[in-house]
K.L.:
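Following this message is one structure expressed as structure tokens.
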Amino acid sequence: MRHQQNTSRESVFSVHQTGAIPVGAAGERGYDPARRIIGRKRHALTDTDGCLLMAGVSTADLNDSHGGTALLRASRGLFTFLTYCFADRAYRGERVGMATAIVVEVVEPEAGQKGIAVQPRRWVIERTFNWISRCRRLARDHEATPSSTLALFMLAAAMILVRRLARAS
């Protein structure tokens with residue numbers, strides 16, 4: 001995909017965010033008081049085009065920075081070319097910033113901002129989560145284990161890539 005768009009691997013940035021989903025089946029889950037949800041969190045690392053690079057699933061009671069640190073550390077083995085990452089403000093702090101050699105820029109809303117506004121680079125990951133949540137099976141987590149949830153999440157991302165490739169040819 002990137003080869004067809006003539007973009008170099010060195011210019012790849014990533015965007016990182018967490019999305020919480022309610023769990024409909026019995027299994028590993030937790031409570032996130034900030035989002036008031038019982039379920040799991042999906043951590044995603046995408047490139048600037050919105051293509052999923054890596055994903056992880058954890059219980060909702062795990063802090064976002066812990067999930068972000070684990071995902072960034074795991075990405076170093078597969079994606080050594082990543083040098084810069086945009087992240088949600090839930091990932092600010094030393095834990096995520098010092099996890100790897102990847103520079104993490106936290107995208108914050110402008111001072112005095114009220115309501116919803118488009119934030120730079122944040123829309124990429126929001127769009128990716130929206131693309132993936134179009135799969136009915138992922139609107140609510142019906143899986144008993146986090147590994148099967150992750151597998152369906154990755155499958156939905158692969159379906160999106162296949163559709164993009166089919167349209168390009």
K.L.:
How far apart are the closest heavy atoms of Ser75 and Met54, and which atoms are they?
P.N.:
CA-SD, 3.3 Å
K.L.:
Working to the nearest 0.5 angstrom, can you tell me the gap between Ile37 CD1 and Arg29 CZ?
P.N.:
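Output value for this atom pair is 11.5 Å.
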K.L.:
Is there a side-chain contact between Leu52 and Phe153 in this structure, where contact means two heavy atoms from C-beta onward sitting under 4.5 Å apart?
P.N.:
yes
K.L.:
How far does CG of Leu45 sit from CD1 of Ile102, to the nearest 0.5 angstrom?
P.N.:
7.0 Å
K.L.:
Kindly work out whether a path of hydrophobic side-chain contacts (I/L/V/M/F/W/Y, heavy atoms less than 4.5 Å apart) joins Leu72 to Leu78.
P.N.:
yes
K.L.:
Just verifying a value: how many Å separate Phe129 CZ and Thr46 OG1, rounded to the nearest 0.5 Å?
P.N.:
8.5 Å
K.L.:
By side chain to side chain contact (heavy atoms under 4.5 Å, CB included), which residues pair with Glu94, not counting sequence neighbours?
P.N.:
Met98
K.L.:
Let me confirm one number: the NZ-CG distance from Lys41 to Asp64, rounded to the nearest 0.5 Å.
P.N.:
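The CG atom of Asp64 is 3.5 Å from NZ of Lys41, to the nearest 0.5 Å.
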K.L.:
So Asp88 and Ile125, do their side chains get closer than 4.5 Å, heavy atoms only?
P.N.:
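No. Closest side-chain heavy atoms not under 4.5 Å.
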K.L.:
Determine, using the 4.5 Å side-chain heavy-atom cutoff (strictly less than), whether Met159 and Leu165 are members of one ILVMFWY cluster.
P.N.:
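Different clusters: Met159 never reaches Leu165 through Ile, Leu, Val, Met, Phe, Trp or Tyr contacts under 4.5 Å.
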K.L.:
Evaluate the side chain to side chain contact (heavy atoms under 4.5 Å, CB included) criterion for residues Ile38 and Tyr31: first the C-alpha distance (whole Å), next the side-chain angles of each, then the deciding distance (0.1 Å), finally the verdict.
P.N.:
CA-CA 4 Å; Ile38 296 173; Tyr31 177 70; 3.6 Å; yes
K.L.:
Only one of Thr149, Asp32, Thr59 clears side-chain hydrogen bond (donor to acceptor under 3.5 Å, both in side chains) with Arg40; which?
P.N.:
Thr149
K.L.:
Looking at every heavy atom in both Gly30 and Ala60, which two are closest together, and how far apart are they?
P.N.:
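Where Gly30 meets Ala60 most closely, the heavy atoms are O-CB, 3.4 Å.
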K.L.:
Using the test side-chain hydrogen bond (donor to acceptor under 3.5 Å, both in side chains), find all partners of Ser58 that sit at least two apart in sequence or belong to another chain.
P.N.:
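Per chain and number, Ser58 pairs via side-chain hydrogen bond (donor to acceptor under 3.5 Å, both in side chains) with His43.
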K.L.:
For a quick test of reading the model, state the closest non-hydrogen atom pair linking Thr48 to Arg127 and the distance between them.
P.N.:
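The pair with the smallest heavy-atom distance is O-NH2, 4.4 Å.
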K.L.:
Just by modelled atom types, is the Leu82 backbone N or O under 3.5 Å from a matching donor or acceptor in the Arg76 side chain?
P.N.:
yes
K.L.:
Does Ile160 reach the side chain of Ile132, with side-chain heavy atoms less than 4.5 Å apart?
P.N.:
yes
K.L.:
Is there a path of hydrophobic side-chain contacts, each under 4.5 Å between heavy atoms, that joins Val104 and Leu53?
P.N.:
yes
K.L.:
Would Arg163 and Trp131 count as a side chain to side chain contact (heavy atoms under 4.5 Å, CB included) here? Give the steps.
P.N.:
CA-CA 12 Å; Arg163 283 188 199 135; Trp131 284 341; over 6 Å; no
K.L.:
If Ile, Leu, Val, Met, Phe, Trp and Tyr residues are connected whenever their side-chain heavy atoms lie under 4.5 Å apart, and connections chain through other members, are Phe86 and Val106 in the same group?
P.N.:
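Not linked; separate clusters.
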K.L.:
Grab the two heavy atoms, one from Arg95 and one from Ser65, that are nearest each other, plus how far apart they are.
P.N.:
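Nearest heavy atoms, Arg95 then Ser65: NH1-OG, 3.3 Å.
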K.L.:
Quick one: does any side-chain atom of Asp47 pair with a main-chain N or O of Asp49 as donor and acceptor, under 3.5 Å?
P.N.:
yes
